Amino acid sequence: MNADNKIDFGFSAIHHTISPGVITASSASSYNSLTLQNKYSLENAVYVSHEWSPAGKLHFNYGLRATSFSVLGPGNFYTYDTVGNTKDTATYGHGKFVKTYFNLEPRLSLSWQLNDASSIKAAYNRNTQVLHLLSNSTSSNPTDIWIPSSINVKPGISDQVSLGYYRNFDNNAYEFSSEVYYKNMQNQIDYKNGAQLIANEVVESQLVFGQGRAYGLELFFKKKVGRFTGWVSYTVSRTELKINSVNNGNWYPARQDRTHDLSLVGIYQAGKKWTLSATWVYYTGNAVSFPSGKYQVAGLTAFYYTERNGYRMPAYHRMDVAATLQGKKTKKFESSWTFSIYNLYGRENAYSIVFQNDPDDPTKTQALQYALFRFIPSVTYNFKF
Amino acid sequence: MKRRNIVFVTAILVLVAAACKKVINVDLNNADPHIVIEGEITNNPGPYQVRITHTVNFSSGNTYPPVSGATVTMTDSTVKRSFVLNETSPGTYTTNQLTGIPKHIYRLSVQTGGREYLATSTMPGTVALDSVTFAENTDFNGKKDINAVVNFRDPTGLGNYYQFTEVLNGRLIPNIFVFEDRLSDARYVEQPLYNDSTYLQKGDTLVLTMSCIDKNIYNYFFTLVNVTGNNNFQSATPANPVTNFNNGALGYFNAHTVNRTRIVVY
């Protein structure tokens with residue numbers, strides 16, 4: 001509208017078709033061919049936002065997004081009892097609206113320029129998520145399953161507030177920022193014990209629902225001028241879930257919860273041609289479930305688990321170094337060689353830890369750690385024309 | 001100059017491929033001991049056994065203390081008759097007084113330490129095992145090994161669950177193999193029994209047992225695989241198997257049919 005006032009608006013409509021899976025079996029196979037029924041849905045949104053600077057130092061950006069997510073036929077729609085058995089089946093025809101979720105997603109951010117060098121920002125926003133990825137293993141998998149929200153699975157909703165303070169020093173030679181945030185999440189999904197996710201027409205009966213929350217502090221400091229530049233960033237945070245049938249209904253850390261996350265990067269211009277750099281990263285390991293005891297059934301050693309995600313993998317840290325040699329630079333062509341070592345001190349960062357009988361001594365059990373990479377030196381030639 | 005390059009490259013390769021698997025010490029909590037009950041009843045004549053032990057700490061040796069002096073009762077709920085089991089050796093309770101009948105509902109009660117643990121299991125109807133054949137299989141490492149193959153027709157109608165156990169030359173193969181007809185209803189099933197621990201060799205004597213089990217026992221063994229030490233697929237959320245006992249007991253009570261074949265591996 002004018003330099004201090006801007007309005008954006010728009011709309012979108014998406015029709016989703018999800019095919020959860022197909023089994024193709026020959027007539028001689030032990031398995032039946034199976035096509036899981038497709039899931040259809042319609043996602044509409046309309047939004048409006050306003051960017052406004054009422055006084056030179058204060059800027060507002062706020063808006064509202066209204067979404068509707070409709071579950072469509074054709075198909076069979078199941079409801080389940082608390083144990084996971086199918087209680088009811090409803091059949092809808094092509095194009096029929098089975099259930100619609102309306103959600104409003106307001107967002108607001110404001111920034112206040114304290115002086116030339118510093119500012120404060122605050123923000124609030126609400127987001128919804130209508131498609132969900134089900135993955136029941138420690139790393140992602142081609143057999144992970146997408147499902148849309150449905151009569152049993154509500155869209156995930158998150159509300160986040162954040163407050164930050166930003167400051168530059170020495171005429172922008174140094175940059176500092178700090179931010180705290182708190183996020184509240186609803187309709188989070190987790191799995192029943194022994195969940196059967198593969199080729200399951202009633203996969204929603206394997207899911208349990210609850211809430212989540214995440215909060216943290218992020219700090220960042222950067223030196224931008226001089227021969228030596230670099231930055232350090234540190235985040236301390238917590239992400240946890242609370243689901244009735246998991247961990248006795250107590251809050252437990254999400255698998256990807258990372259308490260400490262620290263990165264240090266340094267770049268040194270050693271001469272006209274050489275640039276040296278080093279990076280050091282450190283972060284807390286994933287929250288995992290380890291056994292607290294063992295017993296024997298069916299001739300096998302079995303492990304006994306108590307709390308969910310009550311233990312941590314060992315902390316991850318590594319240092320990378322690199323040296324870059326700048327080649328001759330012309331208007332049409334420039335090149336460089338980079339010599340680097342990933343994981344300079346070769347730390348065996350744990351990828352997974354498994355528990356088993358000691359293969360050399362059947363009267364004992366042991367923990368076995370798998371690591372992926374130790375030192376990886378590399379040489380890279382870059383060119384641009 | 002060339003020789004130095006080769007040594008240099010080899011040194012790099014060795015560094016990169018260096019040992020990535022090692023035994024570590026993990027500081028694990030010690031949970032209170034939990035009771036573990038393993039009981040079964042079959043449609044073959046008894047005796048039937050119930051074994052009761054305790055969990056131990058992870059760092060202890062693999063000996064599990066038996067629980068003596070428990071009161072163990074097995075009931076045929078369909079005909080309403082109960083039988084008390086006798087402790088024939090520490091932690092092992094036996095009965096010879098009844099024979100399991102397919103389609104009957106059985107209940108096991110264990111009273112010890114001031115608590116009672118109950119489990120119910122329904123013995124399914126029998127399903128015929130047509131034959132056991134053998135097939136050669138090449139595993140991930142390129143090694144060829146022989147697997148037993150079970151051949152049978154799954155009855156029409158979902159809800160059939162099976163368990164297979166193998167005893168090779170008199171020794172039980174420590175492997176869990178359960179199968180459900182969720183994706184195979186009414187098919188003629190030819191299922192190889194893969195196992196990682198024991199190699200079948202031509203001339204060995206194999207006693208293969210096919211058991212029809214109920215849904216709870218299928219779920220138990222299916223989820224047990226995730227917490228045993230012989231498993232290559234670690235779940236992100238290991239959890240104690242879904243037991244059919246109440247009150248915090250670990251283990252299972254399995255009422256199942258038995259179809260046993262003795263065959264020489266070829």
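Here is the naming used below: chain letters follow the sequence lines, and residue numbers restart at 1 for every chain. Predicted model only: the values in this text are computed from it and were never measured.
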Exercise. Assert yes or no for the condition that the ring centre distance of A:Y295 to B:H34 is strictly below 6.0 Å.
Key: no
Quiz item: Would you say the side chain of A:T301 lies within less than 4.5 Å of the side chain of B:Y64, judging by non-hydrogen atoms?
Solution: yes
Quiz item: Closest approach of B:N175 and A:L300, non-hydrogen atoms and distance?
Solution: N-CD2, 4.5 Å
Practice problem: Against chain B, label A:P362 side chain, backbone, both or neither, depending on which of its atoms sit under 4.5 Å from a heavy atom there. | Solution: backbone
Quiz item: So, do A:V297 and B:L250 sit near enough that their side-chain heavy atoms are less than 4.5 Å apart?
Solution: no
Quiz prompt | Max heavy-atom pair count under 4.5 Å with chain A, selected residue of B:D154, B:T165, B:T63, B:V56 | solution = B:V56
Self-check item: Side chain / backbone / both / neither for B:D185 at chain A, heavy atoms under 4.5 Å
Solution: both
Practice problem: Select one option (side chain, backbone, both, neither) describing which atoms of B:N30 are under 4.5 Å from chain A's heavy atoms. | Solution: backbone
Quiz item: Under a 4.5 Å heavy-atom cut-off, does chain B meet the side chain of A:Y311, its backbone, both or neither?
Solution: side chain
Quiz prompt | Nearest-0.5 Å distance that lies between atom CG in B:L28 and atom CZ in A:F303 | solution = 10.0 Å
Exercise. Identify the two heavy atoms, one from B:L224 and one from A:A302, that lie closest to each other, and give their separation to 0.1 Å.
Key: CD1-CB, 3.9 Å
Quiz item: Looking only at heavy atoms, which two atoms of B:P174 and A:G299 are closest? And how far apart?
Solution: CB-O, 4.2 Å
Practice problem: Would you confirm whether B:N240, through its side chain, and A:Y305, through its main-chain N or O, come within 3.5 Å as a donor-acceptor pair? | Solution: yes
Quiz item: When rounded to the nearest 0.5 angstrom, what is the spacing between CG in B:N62 and CG in A:N357?
Solution: 5.5 Å
Quiz item: So with a 6.0 Å cut-off around CG of B:N151, is the heavy-atom count from everything else above 12?
Solution: yes
Self-check item: Spacing of A:E348 atom CD and B:I24 atom CD1 [to the nearest 0.5 Å]
Solution: 10.0 Å
Quiz item: At their closest point, which heavy atom of B:C20 faces which heavy atom of A:L372, and how far apart are they?
Solution: SG-O, 3.7 Å
Self-check item: Considering all heavy atoms, the nearest A:Q296-B:E38 contact
Solution: O-OE1, 3.7 Å
Exercise. Mind checking the NZ-CG spacing from B:K22 to A:L368? Nearest 0.5 Å is all I need.
Key: 11.0 Å
Quiz item: Cation over ring, A:K294 on B:F58, under 6.0 Å and within 45°?
Solution: yes
